[in-house]
Amino acid sequence: MIYRTKYRETEIARFVSPDRSRQLIVYEIGEPGFPFGPADCRVVLLAGKDRIGSLDMQVFNDGGWAKESDFSAAWTDDSVSVTVHSEEQEDRLYEMFSDGRIFGPGTEGYE
């Protein structure tokens, strides 16, 4: 029971680059906090089967589950822009690069 509520990774979205060389997978970690707590999510960037980088975040949907429509992705040759759209907070934009760098709210060097 503890594993399911706190640690289990459930895939909620998958985005594939136009050249099919990279994937962005979004997981919900555990279950949303009770009552009305955020959903913990992990965004993972892959090249083939190799993990390039990952980012943990919280999604605030009035205690509800995170869902695919909370995330969107736009690909460039060397990065993916990930936008998080949740019900109870402004959109947040993250940039994940093929060399492992990540920029966005809560990341090192972001202002």
Considering non-hydrogen atoms only, spot the tightest contact between [X] and [Y] and give its length.
{"X": "Ala66", "Y": "Ala39", "value": "N-CB, 3.9 Å"}
{"X": "Ser86", "Y": "Asp70", "value": "CA-OD1, 4.2 Å"}
{"X": "Tyr94", "Y": "Pro105", "value": "CE2-O, 3.2 Å"}
{"X": "Val44", "Y": "Tyr27", "value": "CG2-CE1, 3.9 Å"}
{"X": "Met96", "Y": "Gly53", "value": "CE-O, 3.8 Å"}
{"X": "Arg22", "Y": "Asp77", "value": "NH2-O, 3.6 Å"}

If the test is salt bridge (Lys or Arg N to Asp or Glu O under 4.0 Å), which one of Glu28, Glu87, Glu11 qualifies with Lys67?
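With Lys67 as partner, Glu28, Glu87, Glu11 yield a single salt bridge (Lys or Arg N to Asp or Glu O under 4.0 Å), made by Glu87.
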Check the hydrophobic clustering (I, L, V, M, F, W, Y; side-chain heavy atoms under 4.5 Å; chains of links allowed) and say if [X] and [Y] are grouped together.
{"X": "Leu55", "Y": "Val84", "result": "yes"}
{"X": "Val59", "Y": "Phe15", "result": "yes"}
{"X": "Leu46", "Y": "Ile29", "result": "yes"}

Under the 3.5 angstrom rule, does the side chain of Gln89 hit a backbone N or O of Phe60 as a donor-acceptor pair?
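Yes; judged by distance alone, with no hydrogens or angles, the pair exists.
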CG/Asp91: more than 12 non-hydrogen atoms of other groups inside 6.0 Å
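Yes.
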Dump the intermediate steps for side chain to side chain contact (heavy atoms under 4.5 Å, CB included) on Glu68 and Ile12, then the final yes or no.
CA-CA 6 Å; Glu68 184 173 2; Ile12 59 173; 5.6 Å; no
Determine, step by step, whether Val43 and Phe71 satisfy the side chain to side chain contact (heavy atoms under 4.5 Å, CB included) criterion, reporting the C-alpha distance in whole Å, the side-chain angles of both residues, the deciding distance to 0.1 Å, and the verdict.
CA-CA 10 Å; Val43 178; Phe71 298 88; 4.3 Å; yes
Could you go through Leu24 and Trp75, starting from their C-alpha distance and side-chain angles, then the distance that decides it, and tell me whether this counts as side chain to side chain contact (heavy atoms under 4.5 Å, CB included)?
CA-CA 10 Å; Leu24 185 77; Trp75 296 92; 4.1 Å; yes
From [X] [atom1] over to [Y] [atom2], what is the distance, rounded to the nearest 0.5 angstrom?
{"X": "Asn61", "Y": "Glu88", "atom1": "CG", "atom2": "CD", "answer": "7.0 Å"}
{"X": "Asp50", "Y": "Leu45", "atom1": "CG", "atom2": "CG", "answer": "11.0 Å"}
{"X": "Leu93", "Y": "Ser72", "atom1": "CG", "atom2": "OG", "answer": "8.5 Å"}

